[in-house]
Amino acid sequence: PSYQKKALKRYAMLSRRSTPESGREKASMNPDEYRIMFEKEEQHGWYVGLRRMLSFVLEKTFHSPISKLDTEIPCPLILDVGCGTGAVLNFLQKYGKSVGIDFSPIAVSYCRKRQQTATAVASAMSLPFGDDTFDLAVSLDVLCHKGVTNKQLPLQEMARVLKPGGLVIMNLPAFQILYSSHDRQVHTDRRFTRKEVIRMLRHAGMEPIYHTYWNTVLLPLILCSRVI
């Protein structure tokens with residue numbers, strides 16, 4: 001099978017719920033959603049919790065933050081696929097040189113307000129980079145967007161642009177039974193299970209090394225509210 005190739009791409013997945021990320025042209029979010037994201041992303045509990053979980057997985061599977069004084073450590077190149085308004089790009093700078101793409105010109109314009117100039121308007125389904133370019137790719141709540149009409153293609157594209165042994169970290173909303181009006185508002189068209197995402201990643205030539213559901217404290221209550 002493809003995932004048994006010698007030069008494996010590695011994979012780590014976070015999963016539980018949705019937050020706005022853009023996918024493709026016909027499904028861009030309302031401009032106000034980007035403004036709200038830009039204003040709330042640094043302090044809102046959901047975004048803070050997501051970055052904490054991302055930090056945990058990075059230090060478990062990638063490396064600890066790099067000291068600017070340590071010039072002997074090579075600086076990894078990191079791609080944020082669906083970078084939104086740029087707060088995660090700022091966060092990723094602790095771990096290497098971060099580059100971001102998002103299909104929405106509005107989202108990219110907000111990245112520039114955060115002084116994130118290594119950003120471009122592009123689709124997750126057609127990454128504008130050469131093969132074997134990046135050490136790490138991060139994709140937070142992107143595959144779930146209704147503009148990503150082919151859910152497999154971004155995974156194949158991330159595998160293509162990663163160096164051999166490169167790492168992908170993803171966050172996705174889980175369990176279709178939890179689909180809500182908020183999902184519709186931010187153009188989420190699908191929630192996933194861990195099993196199906198693992199299957200998709202292996203099909204793209206990546207092998208899972210860490211995967212979990214998170215932010216599950218309220219799950220029984222939410223499930224009850226959805227089922228009744």
Any side-chain donor paired with an acceptor under 3.5 Å for Arg112 and Thr117? no
Shortest non-hydrogen contact between Cys83 and Cys111, atoms and distance: SG-SG, 3.8 Å
Sequence neighbours left out, what passes side-chain hydrogen bond (donor to acceptor under 3.5 Å, both in side chains) with Ser139? Give chain and number order. none
Over 60° means perpendicular and under 30° means parallel, so classify the ring planes of Phe91 and Tyr95, tilted if in between. tilted
Please check if the side chain of Lys151 supplies one atom and the backbone of Arg190 the other of a donor-acceptor pair under 3.5 Å. no
For Gly84 and Met37, work out which heavy atoms get closest and say how close. CA-SD, 4.2 Å
Calculate, to the nearest 0.5 Å, the distance between atoms OG1 and CD belonging to Thr119 and Gln115 respectively. 10.5 Å
Do Phe192 and Met200 have side chains that get closer than 4.5 Å, going by heavy atoms? yes
Apply the test side-chain contact (heavy atoms from CB on, under 4.5 Å) to residues Leu92 and Leu58: give CA-CA distance (whole Å), side-chain angles for both, the deciding distance (0.1 Å), then the verdict. CA-CA 10 Å; Leu92 290 171; Leu58 279 166; 4.1 Å; yes
Using the test salt bridge (charged side-chain N to carboxylate O under 4.0 Å, His left out), find all partners of Glu59 that sit at least two apart in sequence or belong to another chain. none
Interatomic distance, Ile209 atom CD1 to Lys60 atom NZ [nearest 0.5 angstrom]: 9.5 Å
Starting at CZ of Arg191, measure out to CD1 of Ile177 and round the result to the nearest 0.5 Å. 11.0 Å
Are any of the side-chain heavy atoms of Glu157 and Ser123 separated by less than 4.5 Å? no
Considering only heavy atoms from C-beta outward, does the side chain of Pro154 approach that of Leu143 to under 4.5 Å? yes
Do the side chains of Val88 and Phe56 join up, straight or via other hydrophobic residues, at under 4.5 Å, putting them in one cluster? yes
Checking Leu153 now: which residues fulfil side chain to side chain contact (heavy atoms under 4.5 Å, CB included) with it, not counting sequence neighbours? Met125, Asn150, Gln156
Does the side chain of Leu155 come within less than 4.5 Å of Leu201's, by heavy atoms? yes
The remaining residues in the hydrophobic cluster of Val121, counting side-chain heavy-atom contacts under 4.5 Å among Ile, Leu, Val, Met, Phe, Trp and Tyr, are Val108
When you group the ILVMFWY residues by side-chain heavy-atom contacts below 4.5 Å and let the links chain together, are Leu89 and Tyr34 in the same group? no
Measuring only between side-chain heavy atoms, which start at C-beta, is Leu162 closer than 4.5 Å to Leu167? no
On a heavy-atom basis, the closest approach of Cys144 and Leu172 is N-CD2, 4.0 Å
Interatomic distance, OH@Tyr210 vs CD1@Ile169, rounded to 0.5 Å, equals 10.5 Å
Gln116 (side chain) donor-acceptor with Gly100 (main chain) under 3.5 angstrom: no
Would you say that Phe62 contacts Val57 through its side chain, given a criterion of any heavy-atom pair below 4.5 Å between the two side chains? no
Taken in chain and number order and not counting sequence neighbours, the residues that satisfy salt bridge (charged side-chain N to carboxylate O under 4.0 Å, His left out) with Arg199 are none
Closest non-hydrogen contact found for Phe38 with Lys113 is CZ-CB, 4.0 Å
Any salt bridge linking Arg160 with Asp131? Criterion: basic side-chain nitrogen under 4.0 Å from a carboxylate oxygen. yes
Give, for atom CG of Asp135 and atom CG of Leu79, the distance between the pair rounded to the nearest 0.5 Å. 11.0 Å
Would you check, one step at a time, whether the test side-chain contact (heavy atoms from CB on, under 4.5 Å) holds for Tyr110 with Arg35? CA-CA 8 Å; Tyr110 279 118; Arg35 176 185 56 79; 3.4 Å; yes
Flag yes if Leu50 and Ile36 sit in one hydrophobic cluster, no otherwise; membership is Ile, Leu, Val, Met, Phe, Trp, Tyr, and two members link when side-chain heavy atoms are under 4.5 Å apart. no
Are the side chains of Met158 and Val81 in contact, using a 4.5 Å heavy-atom criterion? yes
Does the salt bridge (charged side-chain N to carboxylate O under 4.0 Å, His left out) test come out yes or no for Lys163 and Asp132, once each step is laid out? CA-CA 4 Å; Lys163 298 174 183 177; Asp132 303 334; over 6 Å; no
Nearest heavy-atom pair of Lys97 and Cys75: which atoms, and what distance? N-SG, 3.5 Å
Non-hydrogen side-chain atoms of Asp141 and Pro173 separated by less than 4.5 Å: yes
Residues at least two apart in sequence or cross-chain that pass side chain to side chain contact (heavy atoms under 4.5 Å, CB included) with Glu42, listed by chain then number, are Arg51, Ala87, Asn90, Arg114
For the CD1 atom of Ile101 and the CG atom of Asp80, what is their distance to the nearest 0.5 Å? 8.0 Å
